[in-house]
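When a residue number appears, it is its place in the shown sequence, counting from 1. Computed from heavy atoms alone, side chains included, the values below leave out hydrogens, waters and symmetry copies. Counting starts at 1 for both ligands and their atoms, in listed order.
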Amino acid sequence: MQTISMLIGGQAVHAATTFPVINPASGEIFARAPAGDASHVDAAVKAAQAAFPAWSAKPDAERKALMHALGAALEAHMPELMRLVTLETGKPQGGLNGVGAGMEVGGSIAWTHVTADLELPVEVIQDNAEARVEVHRKPLGVVGSITPWNWPLMIAIWHVIPALRAGNTVVLKPSEMTPVATARFAELANAILPPGVLNFITGAAGSNVGPVMTGHPGIAKIVFTGSTATGKRIMANASCNLKRLTLELGGNDAGIVLPDVDVKAIAPKLFGVSFHNNGQTCACLKRLYVHESIYDELCGELANLARNAVVGDGMNPETQLGPIQNVMQLAKVEELAADARAHGARFLCGGQRKAGPGYFYEPTIVADIADGVRLVDEEPFGPILPVIKYSDIDEVIARANNSPNGLGGSVWSSDPAKAAALALRLECGTAWVNEHGAIQPDAPFGGVKQSGIGVEFGQHGLAEYTSIQTLKIMKS
Ligand code: NAD
């Protein structure tokens, strides 16, 4: 069985004990990872601090070239990384609408190259006879990255590449449930980067590795993707040295379908954006509001699609939806389903765990359900979609906005201009028209309200890994 290593200052590091990594398609252990502790956090931060002066002083063009080299290394190891992603997350190699391990690794490559090409030019605010005023972007120092289990490799790339591109050094900690593909990325990166520029540490479930990182005085910024509850703990802990924070947290995205849509044409698209990766994507559509005039027809179409989706082991090329990634998340989905049933909701299909090994749950469409029931109000993060009837557009926008979360939202209509005007009324970081959850490496993405702080991607995202220094040069 494979045992991964930590990587500190360019050296492979093991811990006194290891913890298991489970393949959710079988429920069996397929790898082990080092149970790091506070001493490993400390050593990784010291290595990153030691590497910072030379890395941040490197000419910009050299850092850019090294980021492109990382992209090329990912590409050269694509099949291997895809296999590791499927084994640890359960997501299919291909997946529903092509959203699977191939997209995770392919997206990682694309994001790396696009981010490598971003620039942070000096901004000139004033240049006249009296003075020249310039705004410079400077790296922060050591960035700590903490990632979740749903898109482990891609989210590590989203954190690490802009941090390095801007001249920071990094300590990267994956979720204890999915450290394996990220460990391989860290190895590949360490064959390219100077020692200490990217350090990789792991901690077992419930260990203090994450909290020690977020409270460490040697870390200048934490970039975190995960649940809102953990994000709040991190924010409290990070106050010790006023760490900079980017927090990408939970979402409970609403989609609103107007009565003018072609139901048959949009149903597969709505199904895809709600169920890809088994609903385990922060910006999946998680609450679907449908106008009463088309409610029954759309519910029927969605239920047919759910019944026919191919659920199975992600290594099987036919599979569209894999297992839920872990047994706790499966239990949460079961709990929300039971609560919805108790509140009289109508299950059009699915509604239970699949027999056999692994953490499989049937794709589930739930109708005749309203706001106030947990399945609507809480993020299920699994293959279950509540479909909620509405009659009045102003009222449904208020219902969509009546959430502590504000990651994404969408409006579906055959009149894109009308839909865009409504989408702008949604309280969320990204609003889509006739689409949901689609992101790209050059457009900012982030949450409002309790879905997060700050943005990732593009120029705006890169700037978050810097501080501003204003330089005023007097001329007279
Ligand atoms: P989680 O919050 O349980 O864990 C995320 C990471 O935080 C893991 O690495 C974990 O080890 C670490 N961690 C746990 N407690 C910590 C602490 N006290 N201090 C520091 N680190 C700690 O989240 P998860 O269950 O892995 O991920 C699912 C959640 O992530 C969902 O809510 C989902 O919506 C959200 N998510 C958001 C985005 C986004 O971009 N907004 C993307 C993906 C996932």
Side-chain angles (χ1 to χ4, degrees), residues 19 21 24 33 35-36 38 41 88-89 91 104 107 111 144-159 171-179 182-183 200-216 219 222-240 243 245-253 276-286 324-333 378-382 403-408 428-430 437 439 444-457 461:
F19 62 89
V21 185
V41 180
E88 65 184 347
T89 65
K91 77 179 50 150
E104 174 143 16
W111 249 267
S145 151
I146 302 178
T147 57
W149 49 259
N150 58 342
W151 291 91
L153 179 66
M154 190 142 78
I155 291 174
I157 293 293
W158 290 351
H159 292 182
V171 176
L172 165 63
K173 189 203 88 65
S175 165
E176 54 277 10
M177 288 181 271
T178 52
T182 315
F200 172 76
I201 54 174
T202 49
S207 83
N208 64 354
V209 169
V212 170
M213 276 176 76
T214 58
H216 200 292
I219 294 184
I222 292 286
V223 51
F224 169 76
T225 303
S227 63
T228 299
T230 305
K232 288 180 183 176
R233 281 185 213 114
I234 288 175
M235 195 171 179
N237 223 15
S239 68
C240 61
K243 281 187 181 60
L245 290 172
T246 300
L247 303 176
E248 297 288 359
L249 309 177
N252 194 16
D253 290 10
H276 72 69
N277 202 33
N278 247 349
Q280 301 169 115
T281 298
C282 53
C284 266
L285 197 166
K286 291 169 185 152
I324 291 178
Q325 198 279 330
N326 62 78
V327 77
M328 281 86 75
Q329 197 61 42
L330 174 60
K332 169 101 193 258
V333 169
E378 296 178 26
E379 177 187 36
F381 223 58
S403 164
N405 295 111
L407 191 58
C428 55
T430 306
I439 50 171
F445 172 76
V448 301
K449 300 198 278 187
Q450 293 188 32
S451 285
I453 293 178
V455 294
E456 296 188 89
F457 315 156

Run the contact test for [X] against ligand 1 with a 4.0 Å cut-off on heavy atoms, strictly below, and give the result.
{"X": "Gly452", "value": "no"}
{"X": "Ile155", "value": "yes"}
{"X": "Gly251", "value": "yes"}
{"X": "Phe445", "value": "yes"}
{"X": "Ala229", "value": "no"}

Under 4.0 Å from any heavy atom of [X], which atoms of ligand 1 are there?
{"X": "Lys173", "value": "9 (O), 10 (C), 11 (O)"}
{"X": "Gly210", "value": "19 (N), 20 (C), 21 (N)"}
{"X": "Leu407", "value": "41 (N)"}
{"X": "Ile234", "value": "19 (N), 20 (C)"}
{"X": "Cys282", "value": "34 (O), 36 (N), 37 (C), 38 (C), 39 (C), 40 (O), 41 (N), 42 (C), 43 (C), 44 (C)"}
{"X": "Trp149", "value": "24 (P), 25 (O), 26 (O), 27 (O)"}
{"X": "Glu176", "value": "10 (C), 11 (O)"}

For ligand 1, indicate whether the residue [X] contacts it via side chain, backbone, both or neither (heavy-atom separation under 4.0 Å).
{"X": "Asn237", "result": "neither"}
{"X": "Glu456", "result": "neither"}
{"X": "Phe381", "result": "side chain"}
{"X": "Thr147", "result": "backbone"}
{"X": "Asn150", "result": "side chain"}

Give the ring-plane orientation class for Phe381 versus Trp149, where under 30° counts as parallel, over 60° as perpendicular and anything between as tilted.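 Taking Trp149 first and then Phe381, their aromatic rings stand perpendicular (interplane angle over 60°).
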Distance check, rounded to the nearest 0.5 Å: [X] atom [atom1] versus [Y] atom [atom2]?
{"X": "Thr225", "Y": "Leu247", "atom1": "OG1", "atom2": "CG", "answer": "8.5 Å"}
{"X": "Ile439", "Y": "Glu456", "atom1": "CD1", "atom2": "CD", "answer": "9.0 Å"}
{"X": "His159", "Y": "Thr246", "atom1": "NE2", "atom2": "OG1", "answer": "8.0 Å"}

For ligand 1, find out whether one of its N or O atoms is nearer than 3.5 Å to an N or O atom of Leu249.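 Min N/O separation from ligand 1 is below 3.5 Å for Leu249.
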Candidate with minimal heavy-atom separation from atom 2 (O) of ligand 1, of Ser451, Ser227, Ser175, Gly226: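 The nearest heavy atom belongs to Ser227.
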Heavy-atom protein contact below 4.0 Å for atom 4 (O) of ligand 1: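 False for atom 4 (O) of ligand 1.
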Checking Lys243 now: which residues fulfil salt bridge (Lys or Arg N to Asp or Glu O under 4.0 Å) with it, not counting sequence neighbours?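 Once residues adjacent in sequence are excluded, Lys243 has no partner under the salt bridge (Lys or Arg N to Asp or Glu O under 4.0 Å) criterion.
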Assess the residue pair Lys232 and Gln450 against the criterion (side-chain hydrogen bond (donor to acceptor under 3.5 Å, both in side chains)); give the C-alpha distance rounded to whole Å, side-chain angles, the decisive distance to 0.1 Å, and a yes or no. CA-CA 9 Å; Lys232 288 180 183 176; Gln450 293 188 32; 2.9 Å; yes
